[in-house]
Protein chains: 2
Amino acid sequence: MKARQAEPQRRFERFERACRGAGAKLTHQRAVIFRELARTSDHPDAETIYRRARKKIPTLSLDTVYRTLWLFNDLGLITTLGPPRARARFDANTSPHHHFLCTRCGAAQDFYSRQLDDLEVPDEVKAMGDIESVRVEARGLCLRCRERRKTG
Amino acid sequence: MKARQAEPQRRFERFERACRGAGAKLTHQRAVIFRELARTSDHPDAETIYRRARKKIPTLSLDTVYRTLWLFNDLGLITTLGPPRARARFDANTSPHHHFLCTRCGAAQDFYSRQLDDLEVPDEVKAMGDIESVRVEARGLCLRCRERRKTG
DNA sequence: TTAGGTGCAAATTCTTTGCACCCTG
DNA sequence: CAGGGTGCAAAGAATTTGCACCTAA
């Protein structure tokens, strides 16, 4: 686990390539923000990243952090926890089920699978706390958005 | 799939029991909001539920919807998509991995499992769109929060 | 009756935008 | 040097809170 996380350099090179490939400039801010996110595994929010990055760039502004993070997200360099562009979303279905989330529009669909309901997680995870539920989250472009991409 | 969702009555009874059990009053607003959420599987946000519930109770206010939803969440009657009390959270780890989320404090931890990386989802899901990733999301009380619950 | 619940309005918190200046390519 | 990027300040969303009245138990 430690070993897998110790690849900041590799990630940074990937970041450079992605920026160049997309014609996005490689600014100091972007580099610092990316490194700050790549060095941790605690899934920080924008405010937290802002606080940390300011130690390197005291003049950095929070809105730049937001813009930069969503750019990275669009470039496929990072992802978000939970539904994309999240605000709180609720689910009254308390029976075991799983989710498909559209990365473009955020739409969610339930799906069912006996096999997935009984998934075993590693002991390592059981040691993180008292597990209440285990669900599968599939992400991708939903049919409607795939259609739209072709059209508009 | 249809069959499993067609249990609004059962859900509603569960809702009544949970309210009574917790000493929470069974108000008209709560009943309507719960039913509105239980009847759908589209994982609406608070605003959407508000719009729908207003057809039944035109004087309903948005803040009541919020209060009610979080109450239901605390009673274990509903859950949220993604991290609890969500604001956007970011992840620069693009290698296959999975998440443990604390339902109390929202903390996230990564975990790894070759076996879970290769999870197969039902064909039904592949028909929902172009799947980009499949991850496992385990939820529960993290060690720190479990400790706190005992103490304070 | 009465404690908890609701609606309203105002306050917060979180995120996005417009614009003038700056810097990478 | 040109066009995208940044910082600032202000706007806009989303969510929460204080308070007086209302209602289920």
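Here is the naming used below: chain letters follow the sequence lines, and residue numbers restart at 1 for every chain.
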To the nearest Å, give me how far apart [atom1] ([X]) and [atom2] ([N]) are.
| X | N | atom1 | atom2 | value |
| --- | --- | --- | --- | --- |
| A:Glu47 | C:dT13 | CD | P | 11 Å |
| A:Leu71 | C:dT15 | CG | C1' | 17 Å |
| A:Asp45 | C:dT16 | CG | P | 13 Å |
| A:Leu69 | C:dT16 | CG | P | 10 Å |
| B:Leu62 | D:dA13 | CG | P | 14 Å |
| B:Asn73 | D:dT15 | CG | C1' | 15 Å |

Estimated bend of the helix from C:dT1-D:dA25 to C:dG25-D:dC1 (axis per five terminal pairs, rounded to 10 degrees): 50°
Side-chain polar contacts of residues 129-141 of chain A - donor-acceptor pairs under 3.5 angstrom, sequence neighbours left out - could you list them?
residue  : atom : partner  : partner atom : Å
A:Asp130 : OD1  : B:Arg146 : NE           : 3.3
A:Asp130 : OD1  : B:Arg146 : NH2          : 2.7
A:Asp130 : OD2  : B:Arg146 : NE           : 3.1
A:Glu137 : OE2  : A:Arg139 : NE           : 2.9
A:Glu137 : OE2  : A:Arg139 : NH2          : 3.4
A:Arg139 : NH2  : A:Thr80  : O            : 3.0
A:Arg139 : NH2  : A:Gly82  : O            : 2.4

For A:Ser61, all residues meeting side-chain contact (heavy atoms from CB on, under 4.5 Å), sequence neighbours excluded: A:Asp63, A:Thr64
Identify, with sequence neighbours excluded, every residue that meets salt bridge (charged side-chain N to carboxylate O under 4.0 Å, His left out) alongside [X].
| X | answer |
| --- | --- |
| B:Glu47 | none |
| A:Arg17 | none |
| A:Arg14 | none |

Value rounded to 0.5 Å, distance of CG in A:Asp110 from CG in B:Asp42: 9.5 Å
If the cut-off is 4.0 Å, is [X] near the phosphate of [N], judged by side-chain N/O to OP1 or OP2?
| X | N | answer |
| --- | --- | --- |
| B:Gln29 | C:dG7 | yes |
| B:Trp70 | D:dT16 | yes |
| A:Thr64 | D:dT6 | no |
| A:Tyr66 | C:dT16 | no |

DNA chain D contacts among residues 18-27 of chain A, heavy-atom distance under 4.0 Å: A:Ala24, A:Lys25, A:Thr27
Worked check of side chain to side chain donor-acceptor pair (under 3.5 Å) between A:His43 and B:Asn93: CA-CA 9 Å; A:His43 309 81; B:Asn93 185 352; over 6 Å; no
Proximity to DNA chain C (any heavy atom under 4.0 Å), residues of residues 49-60 of chain B only: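 Only B:Thr59, B:Leu60 qualify.
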By side chain to side chain donor-acceptor pair (under 3.5 Å) - contacts of A:Arg54 (at least two apart):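 Once residues adjacent in sequence are excluded, the partners of A:Arg54 under the side chain to side chain donor-acceptor pair (under 3.5 Å) criterion are A:Tyr50.
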Listed partners of B:Glu120 passing side chain to side chain donor-acceptor pair (under 3.5 Å), at least two apart: B:Lys126
Base of C:dG7 paired with side chain of B:Arg67 (donor-acceptor, under 3.5 Å): yes
N/O donor-acceptor pair, side chain B:Asp63 with base C:dC8, under 3.5 angstrom: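 Yes, a donor-acceptor pair under 3.5 Å.
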Pairing residues for A:His97 by the ring-ring contact (aromatic ring centres under 6.0 Å, His included) criterion, not counting sequence neighbours: A:His99
Could you tabulate the donor-acceptor pairs under 3.5 Å formed by side-chain atoms of residues 21-36 of chain B, not counting sequence neighbours?
residue : atom : partner : partner atom : Å
B:Thr27 : OG1  : B:Arg30 : N            : 3.2
B:Arg30 : NH1  : B:Lys25 : O            : 2.8
B:Glu36 : OE2  : B:Arg39 : NE           : 3.3

Same cluster (ILVMFWY, side-chain, under 4.5 Å), A:Leu143 and B:Val125: no
